[in-house]
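Here is the structure we will look at.
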Amino acid sequence: MTILRSLAVVMLLAPGAAWAGLADLSCTLTKECTVGQPCAEIAIDFNLEPVPGGYGAAVDGGWVELMQVSPPEADVKSFMLSSLGSVTVLLSLFPDGALALTVHEDIDGRHVETAFGRCDGEI
């Protein structure tokens, strides 16, 4: 299961209003690694938009929102979402613009994927 398909499983239908503490970010995932398999080069572009308590993103025609779980003053900003459908997503944004996105799921059996990339904008 790909990162985008996993995120689509946990879509939230309504976008939130802008959140003053976070900036809009334009991001690209460039590498995807699945446990037990070699990593693969990918090119997935997406935008992160501030919403109350975290970030939202349009994914496969829907909307997902990730709640900030790191303290606001932390250098590495971390966001999470977990669904009743057994999918958990952790997004970490590093001060230099790097990002790591990990999806844990138990839909077609236990499965973990991590993708790496970068975001443009002030983190």
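The chain is numbered in sequence order, starting from 1.
With Lys77 contributing its side chain and Pro72 its backbone, the two residues share a donor-acceptor pair below 3.5 Å.
Hydrophobic clustering, defined by side-chain heavy atoms of Ile, Leu, Val, Met, Phe, Trp and Tyr closer than 4.5 Å, groups Val76 together with Phe94.
Summarising the geometry of Ser92 relative to Ser78, their closest heavy-atom pair is OG-OG, 3.3 Å, with the distance given to 0.1 Å.
Taking CD of Glu32 as the start and CG of Leu101 as the end, the distance is 9.0 Å to the nearest 0.5 Å. Residue Arg110 holds its CZ atom at 11.0 Å from OG of Ser86, rounded to the nearest 0.5 Å. Separation of atoms NZ (Lys31) and CD1 (Ile42) is listed at 10.5 Å; rounding is to 0.5 Å. To the nearest 0.5 angstrom, Thr88 atom OG1 is 10.5 Å from Asp106 atom CG. Here His104 contributes atom NE2 and Thr114 contributes atom OG1; the two are 6.0 Å apart, rounded to the nearest 0.5 Å.
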Ignoring hydrogens and angles, write down the donor-acceptor pairs under 3.5 Å from the side chains of residues 45-58, residues two or more places apart or on other chains.
residue : atom : partner : partner atom : Å
Asp45   : OD1  : Thr28   : OG1          : 2.6
Tyr55   : OH   : Ala23   : N            : 3.4
Tyr55   : OH   : Ala23   : O            : 2.5

Chi angles and distances behind the side-chain contact (heavy atoms from CB on, under 4.5 Å) call for Val87, Leu81:
CA-CA 8 Å; Val87 178; Leu81 112 86; over 6 Å; no
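Connection of Phe116 to Leu90 is not established within any shared hydrophobic cluster, with ILVMFWY side chains joined at heavy-atom distances below 4.5 Å, either directly or through further cluster members. Ile44 and Leu66 fall within a single hydrophobic cluster, where Ile, Leu, Val, Met, Phe, Trp and Tyr side chains are chained together by heavy-atom contacts under 4.5 Å.
Between Leu99 and Leu25, every side-chain heavy-atom pair lies at or beyond the 4.5 Å cut-off.
For residues 88-123, every residue pair satisfying the disulfide bond (SG atoms under 2.5 Å apart) rule, not counting sequence neighbours, is listed here: Cys27-Cys119.
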